[in-house]
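Input: a single structure, listed below in C-alpha cells.
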Amino acid sequence: MSLHRKDTDSAFEGAGSKAGLEIWCIENLRLVPVPKSSHGKFYTGNAYIVLKTVLPKTGPAQHEIHYWLGNDTNKVDSAFASDKALELDAALGSCTVQYRELQGLETGKFLSYFKPCIIPVEGLYSSHQGHLNGETYKFSLLTCKGDHVVHIKEVPFSRSSLNHNDVFILDTASKIFLFSGCNSSIQERAKALEVVQYIKENNHGGKCEVATIEDGKFVGDSDVGEFWSLFGGFAPIPRDSPSSVQKQSDAPSVKLFWCVCLNHPGFKNAISISFGLHLKTQITTQGKLCQTGTDSLNKKILETDKCYMLDCGAEIFVWMGRQTLISERKTSISATEDFLRTQGRSTGTHLTFLTEGLESNIFRSYFDNWPQKVEPKLYEEGREKVAAIFKQQGYEVKELPEEDCEPFINCRGTLKVWRVNGDELSLLPVPEQTKFYSGDCYVVQFTYPGNERDENLFYAWIGRRSVMEDRRDAISHMNAIVDSTKGDPVLAQAVEDKEPVQFFLIFQTLIIFKGGMSKRYKKFIAEKGITDETYDGIKTALFRVQGTSPQNMQAIEVDLVSSSLNSSYCYILQTETFIFTWIGSLSSTRDHDLLDRMLELINPTLQPISVREGSEPDIFWNALGGKAEYPKAKEMKQCVEDPHLFTLNTTEGDFKVKEIYNFSQDDLTTEDVLVLDCHREIYVWIGCHSSVGSKQEALTLGLKFLEMDVLVEGLSLETPIYIVTEGHEPPFFTRFFEWDPSKANMHGNSFERKLAILKGKPHNLEVPTRNSWKAYSRETTPDGLRSKSVISNGLGRSGSPASSVSGSNSKSSTNQLFSSPTPIVRKLFSGSPHDESLVSAGSPAAEPRSLSQSAGFIQADGSGDCVNLLIYPYERLSVISSDPVAGIDVTKREAYLSDEDFQDKFGMTKRAFYELPKWRQNKLKMSLHLF
C-alpha cells in the first residue's frame, strides 16, 4: 500500500528524512507542526502525531508513529489523528509501527522520548500564541509512578490524595516539596527528583527551594512542618490508599480475529466462510471481527491481503497485510476501537498497529515457531553482491574497516593463560599461549592499563569437544583466580565458534587445533574408542584462516574434507610432504595477507604451493579425500541491530524482564541488575546496591535471559556473557553510552546521588563494600595462580621474565568435592555429547563473611559453636527446597542445622567445619545444596 504525493497532507512534506522527533498537533482538523521548543508539552484537549526516526549506520531509515490523545480530546480529533497516522505511514512506504497513546497511560517507549517526563497542560494548544490562553502559575500536586520512565498525573490538592505507595510532588510558588510514600522504591524516588529538577528549571527559572519529605517523619524538621501546614496540618494517611495496586492476570488468554469491511466486495463470501468454520463474530459499526477457530497461532494463518486483531488482554495488536488497502486498514482500526468500547475494556489497553514484515518482538512471541530473520538487510546484501561481482571480474575492491573489530581497550597488556588439566590448572608458557585445542578448556586473564589503575579481564574458554568435568572446572577455576585478584574485574564465558570480538583482539593471533591435551579428554576418547585427532605438527590438517587485521587473525583446524572449504576464505592444507595455500575466489587481499602471516606460524619450513580456487591439482583433492561440493556464494554478514537494555527483576523467585527504551547512562541505577543485549554478546551489569550476591549468580541470570530470548531473535545459550560491575565498566561496554566517568564514581543509593546533584553538594557519600563479589572465598591461592605474566609474544605485549613460568602446574583441590556442575555450567552445556549422568546443583549464593565478621556463628579462633540461632530442618534450608526458610542469612545456611543434622550431613562437627579453609567450606556446602 502506498500513496501518491497528491494524496499526502502537505504537513508531512519531508517527514522522516532526518533523525529525531517530529510532532504535529491537530488544530481545527488540520495538522500544525509543533516547534522543537514545545516538544514534550502536550495539551489535554488536543490530539498529536509524533514521528520518531532513526537513521542506522547501514540500511534504510526506521520509523515509529505514535498518536497521542489527551483526556479532553473530542472524538472527531481522535479519529482524525488515527487516519493521519495511517496516511503518514503510507507516505513513508508502509514501513512504520504505529501506537495509540492515551494521556496518563502512555507506553514506556513513548515516554522515553521526553525524559524526564510529560506533564500535560490543561486546555487547548494554539499555534498562534504557543501556550494556553490565560495560563497562570498555580499550586499543583502531582503523582510520580515509574522507575525508568515516569507517569505524571495531577491529583486534587488535598491530604486525601496522598498515600503510602507513591511519590508526590507539591509545586508551590517558592518551594517544591517531594513527598515519598513509605512503600515507594528508591528508584521511584530518584526518578521523581529528576521531575523536580525539570519543574524547577522550567517553571521557576531554576530559582526555588527544594525540600524532601519522608513518609512517617512528623517533627524535628521545618520543611516537614511547612509541608503539612499547606494541607491544614498533619493527619495520618489511611493505609487503604486509593492507589492500591490491583493484581492482574499473569497469563491472559490470547485470541486472534480477522477484520472484514462491511462494504467490501468480498464481504458476503467472508460471511459464508466464517459461518462454515463456526467462527465467533463481533459486528461493529465499521466492520466485522471474526475470531479464528484455532487455539495455536502460526504465522501461516496471517494472509497478506487481510487485517487481523490479536487480543492479548492488556495489549491489542492490529496486523495489516502488505496487500491491504488504506481503507481496509482504517476500517480494521475503527473496528478494534469499537470492540474495546463495546466490550467495556480498560482504557489502559494499549493498541499497536503493525504492517506485515515489521512485527514487533512481543507480537511474534505469541506465535509458535515464528521464522527467524536471518536474511541480511537489502542494503548490505546489495553492497556485498556488487563487491563480489567486481572481484570475480578481476577488479580489486577496497573493503571498509569493520567497526565491531575496533579495539576499545589497550590490547598490548599482559596475557596469562591456564589450561584445565584434570585436577590441575596449568599456566601455559609463552609459545603455547596462542595455541588452543578444541578438546580442552582454558582460563584467560588479560591485564591492561585503565584510568589510573590496571584493569583485569577474565575469560573461561570452552572447547567444542571438551568433556563436561573440564567445562565445569574452567568456570570454577576462573572464579577462584578472580578471588585472588585485586579490584573488580570483568568476567566472561566464551564457547568455541561463539567467541566475542574482544576475545580475539586480546590474543591478536590465535590457532585452534583439533584434539586436546587434557587428561580427561584423553581418557574420554580412549574409553569411547574415538580416534585421537590431536594436532602434532606432522599429521595432515586443514586450517581456515580468518580475521580482520594482523592484530585480529585466527587459524581454525577444520574437518579434513572438501566440504569444509568456502569461497569466502583462504585455507592452509598441510601434509607430511607438502603444504598448500588455497585462495577462495571471493576472498580479499586482506585475507591473502593474513594467510601469509599464518603460514609462518603454522609451518615456516615447507615451501608452500599456492593455488587459487578452480585450479587445484589432483593431489590437493586426494589429500581431502576427493573433490566434493562446498559453499561458493558470498558469505553474508548479518546486520547487527542496535543494542537493547533490560532490567531484571528476580523478586520472590520470579524472573521478569522489562526493556528500557532510548537508554542512557542514567538508566544504570545502582539498585538494579540490567542486561545489555548486543545480539552477538550480552552484558550483565550489576549495581553496587543490587541484591545479586556473586558473579556466579550473575552468570546464572545471564543464562536465564538467553533462555527467555526476549527479542525472539534466536539467541543461542552459547552467546558470550560478560559480567560487569558498577564503577568498573570496561570501554567496550561504555561505548554503547554517552559515558560520563564522574557519574560512574558517585556514591550512595540512586536517590542520594540525584539529591546531591540537585542541591549541588559534593558526592562524598560512602559506597558499600562488595566483598560478596568474590564468587568463591579462598584464604589461600596456589602459587601458580599468582605467578606473574609471561614474556612478550612478539606482538608488543609486556611481560615478566621467562623464569616465572616455573611451577606452572598448580594443583587445585577446589573441585575434588564437587558432586555436580554448577547450574551455569550444567545449563550452558546441556547439549554436550559428554553430558552424561549429571545431577542438579544449587546456585551459589553471596560469599560468606570472614569468620571475624560472623559474630554469633563461631569465633575467629574456632573456639566456639553457633549460638543464638534458630534451628531448621535440612530440607527447608536447601537452596532447592520447595518450602524454603525466609529471613535467614543465606550465606550461612549450614549454621541453622542442629548439631545432629550437621554431623550427619557434613560428617564432622561445626567446630571442625569452620576450621577448614573457606574454599573447602564452600565446596562442601555446594555438594549439599547449601551454597
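What you see below is based on every heavy atom in this structure, not just the backbone, and it leaves out hydrogens, waters and symmetry mates.
- Lys743 meets the side-chain contact (heavy atoms from CB on, under 4.5 Å) test with Gln665, Asp666, Asp740; sequence neighbours excluded.
- By the salt bridge (Lys or Arg N to Asp or Glu O under 4.0 Å) test, Lys255 pairs with no residue at all, sequence neighbours left out.
- Remark: Glu194 pairs with Lys191, Lys754 by the salt bridge (Lys or Arg N to Asp or Glu O under 4.0 Å) rule, at least two apart or across chains.
- Within the 3.5 Å criterion, the main-chain N or O of Ser690 finds no donor-acceptor partner in the side chain of Glu671.
- Scanning for salt bridge (Lys or Arg N to Asp or Glu O under 4.0 Å) contacts around Asp440 gives Arg419, with sequence neighbours left out.
- The backbone N or O of Asp166 lies less than 3.5 Å from a partner atom in the side chain of Asn163, making a donor-acceptor pair.
- Atoms CG and CZ, from Leu178 and Arg189 in turn, are 8.5 Å apart once rounded to the nearest 0.5 Å.
- The ring-ring contact (aromatic ring centres under 6.0 Å, His included) search around Phe906 returns Phe902, Phe913, not counting sequence neighbours.
- The ring-ring contact (aromatic ring centres under 6.0 Å, His included) check on Phe367 picks up Phe363, Trp370, with sequence neighbours excluded.
- Heavy atoms of other residues, nucleotides or ligands lying less than 6.0 angstrom from CG of Asp368 number more than 12.
- Under the rule for a salt bridge (Lys or Arg N to Asp or Glu O under 4.0 Å), Asp672 has no partner lying at least two apart in sequence or in another chain.
- Checked against side-chain hydrogen bond (donor to acceptor under 3.5 Å, both in side chains), Asp709 has no partners two or more places apart in sequence or in another chain.
- The distance between the ring centers of Phe737 and Phe663 falls below 6.0 angstrom.
- The closest donor-acceptor contact from the side chain of His164 to the backbone of Ile237 lies under 3.5 Å.
- In this view, Thr143 and Lys153, Val155, Phe168 satisfy the side-chain contact (heavy atoms from CB on, under 4.5 Å) rule, not counting sequence neighbours.
- In this structure Phe646 satisfies the ring-ring contact (aromatic ring centres under 6.0 Å, His included) test together with Phe705, sequence neighbours excluded.
- For His644, the ring-ring contact (aromatic ring centres under 6.0 Å, His included) criterion is met by His679, not counting sequence neighbours.
- Going from atom CD1 of Ile660 over to atom CG of Leu676 covers 10.0 Å, rounded to the nearest 0.5 Å.
- A salt bridge does not link Arg520 to Glu469: none of the charged nitrogens lies less than 4.0 Å from a carboxylate oxygen.
- Salt bridge annotation for Glu900-Lys905: absent, with no cationic side-chain nitrogen under 4.0 angstrom from a carboxylate oxygen.
- In this view, His728 and Arg453, Glu455, Asp488, Thr725 satisfy the side-chain contact (heavy atoms from CB on, under 4.5 Å) rule, not counting sequence neighbours.
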Is there a ring-ring contact (aromatic ring centres under 6.0 Å, His included) between Phe732 and Tyr722 once you walk through the steps? CA-CA 11 Å; Phe732 52 88; Tyr722 284 96; 5.3 Å; yes
